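What follows is one structure encoded as structure tokens, with my remarks underneath.
Lettering of chains follows the sequences in order, A, B, ..., and the numbering in each one begins at 1. Just so you know, these numbers come straight off a predicted model, no measurement behind them.
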Amino acid sequence: MSLTNAQDRNMTRIIFHIDFDYFYAQCEELRDPSLKGKPVVVCVYSARGGDSGAVSTSNYKAREYGVKSGIPIKLAKNRLKDIPEAKFLPMDRDYYEEMSERAMQIVRKYGDKFELVGIDEGFVEVTEKIEHAFVGAEELAIALKQELKKELGLTCSIGIAPNKLVAKIASDFQKPDGLTIVKPGEVKTFLTDLSVGKILGVGKKTEESLNEMGAKTIGELSNIDIYGLTKQFGKKIGTYLYNAARGIDEEPVVESESVTQLSRITTLKKSTNAVEEMLKDLESLCKDVHKSAVEQGFSFRSIGIMLILDNLSIKTKSRSLKSHTDNADELFKVARMLVEEAVAESQIPVRRLGVKVSELASSKGQDTLSRFMTGES
DNA sequence: GACTAGTGTCGAC
DNA sequence: TTACGGTCGACACTAGTC
């Protein structure tokens with residue numbers, strides 16, 4: 001083996017990105033096998049009743065009719081109006097979380113380090129497990145897929161690559177039930193013709209900006225110099241995009257840290273500009289957020305509200321307190337004040353209302369104590 | 001000018 | 001033709017302080 005290969009062996013990381021296929025809808029198919037082969041649409045119904053709300057997930061049969069995440073339920077029903085066997089189901093978050101926990105326990109066993117990302121995906125670093133050699137990666141991934149299928153009945157798509165960035169794009173490359181391996185020498189070719197929107201963190205707005213700069217594909221993005229990118233997007237994101245275009249990503253796989261914020265949001269029964277008409281919902285949101293914080297042993301130092309207006313634009317406000325609190329009355333008082341301020345600044349009626357607490361600390365003082373013990377200031 | 005805290009926006013799922 | 005959720009993380013911008 002040449003020196004270069006030996007160096008490669010030592011430097012190269014091997015990372016899996018596991019993404020469960022149409023997760024919520026797949027969970028529903030497992031619970032009720034008669035759904036298999038029919039369009040299945042998992043919906044978030046809002047408080048307005050009827051079919052107000054949006055599609056959370058749909059299976060591939062439903063996607064054939066253009067029914068995908070995020071579209072209004074009414075539109076989804078319209079697209080499936082000629083398909084009587086189509087099923088519209090409400091979200092059952094507790095059930096999906098239970099399935100996710102069982103699945104991730106299996107995934108975790110397959111690597112040295114595991115990072116949970118959301119309810120239906122995660123990264124596993126398998127570098128040590130397969131002794132730095134890509135040769136064993138495919139076999140390991142197939143074994144993982146088989147165990148998930150056998151134990152839980154779940155299918156997933158796996159991307160294997162030398163870093164998280166490429167592994168994530170790879171898992172999306174072949175779906176459902178896919179397996180895509182991108183070896184170190186193949187990264188550039190793999191990325192070059194893909195849309196810039198495939199890069200993690202590039203959503204609609206960033207994609208539009210990049211398109212205007214002449215970059216529709218990742219290959220085209222690699223032609224833009226770092227000065228142009230940092231000027232447009234700032235230092236952090238500009239540098240990230242510059243590296244991403246070259247398939248460079250040094251982010252380690254890290255065990256997920258605890259939450260940093262807690263929030264609740266609801267859709268008002270009727271859009272309004274009158275704060276008094278929102279108070280019941282606001283109080284209930286504050287109670288929910290407070291309950292969640294107390295149950296998890298958190299106090300908070302920042303309180304925020306979010307308004308989504310009738311034109312679907314978003315308005316947020318937040319305040320930092322002098323010190324941490326877990327007082328429910330204070331939460332409601334500050335949230336109400338922020339809502340009054342935000343409503344006064346806009347003429348457009350409010351459709352949805354949200355409350356958030358952040359800058360969390362353990363209300364038992366453990367946070368402070370552990371920092372003291374480890375010498376952190 | 002460097003640093004920090006507070007605040008608002010964007011994006012993922 | 002239209003239709004429109006909920007929860008969380010990360011970072012940019014801005015103003016204040018030294």
Across the strands shown, which category fits [X] at heavy-atom distances under 4.0 angstrom: base, sugar-phosphate, nothing?
X      : answer
A:K77  : nothing
A:R48  : nothing
A:G304 : nothing
A:R93  : nothing
A:T57  : nothing
A:I308 : nothing
A:V55  : nothing
A:N78  : base
A:G118 : nothing
A:T206 : sugar-phosphate
A:T267 : sugar-phosphate

Figure out the [atom1]/[atom2] separation between [X] and [N], and round it to whole Å.
X      : N      : atom1 : atom2 : value
A:K168 : C:dG9  : NZ    : P     : 16 Å
A:K322 : B:dA5  : NZ    : P     : 16 Å
A:L307 : C:dG6  : CG    : P     : 14 Å
A:K291 : C:dT7  : NZ    : P     : 13 Å
A:Q261 : C:dG6  : CD    : C1'   : 12 Å
A:I303 : B:dG6  : CD1   : C1'   : 14 Å
A:F233 : B:dG11 : CZ    : P     : 9 Å
A:D51  : C:dG5  : CG    : C1'   : 14 Å

Listed nucleotide nearest any side-chain atom of [X], set [options]:
X      : options             : result
A:L312 : C:dG5, C:dG9, C:dC4 : C:dC4
A:M306 : C:dG5, C:dT7, B:dT9 : C:dT7
A:S320 : C:dC4, C:dT7, B:dT7 : B:dT7
A:T260 : C:dC8, C:dG9, B:dT7 : C:dG9
A:P72  : C:dA3, B:dG8, C:dG5 : C:dA3
A:L75  : C:dA3, B:dG8, C:dG9 : C:dA3
A:S263 : B:dG6, C:dT7, C:dG5 : C:dT7
A:R352 : C:dG6, C:dC4, B:dG8 : C:dG6

Are A:M213 and A:F233 side-chain neighbours, meaning at least one heavy-atom pair lies under 4.5 Å?
yes
Taking the side chain as every heavy atom from C-beta outward, state whether A:E98 and A:R102 have any pair of such atoms under 4.5 Å apart.
yes
Output field: ring centroids A:Y110/A:F16 closer than 6.0 Å:
no
Quick one: pull up CD in A:E330 and CG in A:L321 and give me the separation to the nearest 0.5 Å.
5.0 Å
Where the side chain of A:S52 meets the backbone of A:R48, is there a donor-acceptor pair that is under 3.5 Å apart?
no
Taking only N and O in the side chain of [X], is any of them less than 4.0 Å away from OP1 or OP2 of [N]?
X      : N     : result
A:K317 : B:dG8 : yes
A:S52  : C:dG5 : yes
A:R319 : B:dT7 : yes
A:S318 : B:dG6 : no

On DNA chain C, compare the nucleotides closest to A:I237 and A:V259; which residue's is nearer the 5' end?
A:V259
Note: for A:K236 and A:A47 on DNA chain C, the residue whose nearest nucleotide lies more 5' is A:A47
Determine the Euclidean distance between corresponding C1' atoms of C:dG5 and B:dG11; express it in Å to zero decimal places.
15 Å
Looking at A:D92 and A:R31, is any side-chain nitrogen of the basic one under 4.0 Å from a carboxylate oxygen of the acidic one?
yes
Are any of the side-chain nitrogens in A:R319 or A:E341 under 4.0 Å away from the carboxylate oxygens of its partner?
yes
Quick one: do A:K145 and A:D177 satisfy salt bridge (charged side-chain N to carboxylate O under 4.0 Å, His left out)? Show the steps, please.
CA-CA 8 Å; A:K145 283 164 76 79; A:D177 203 11; 3.0 Å; yes
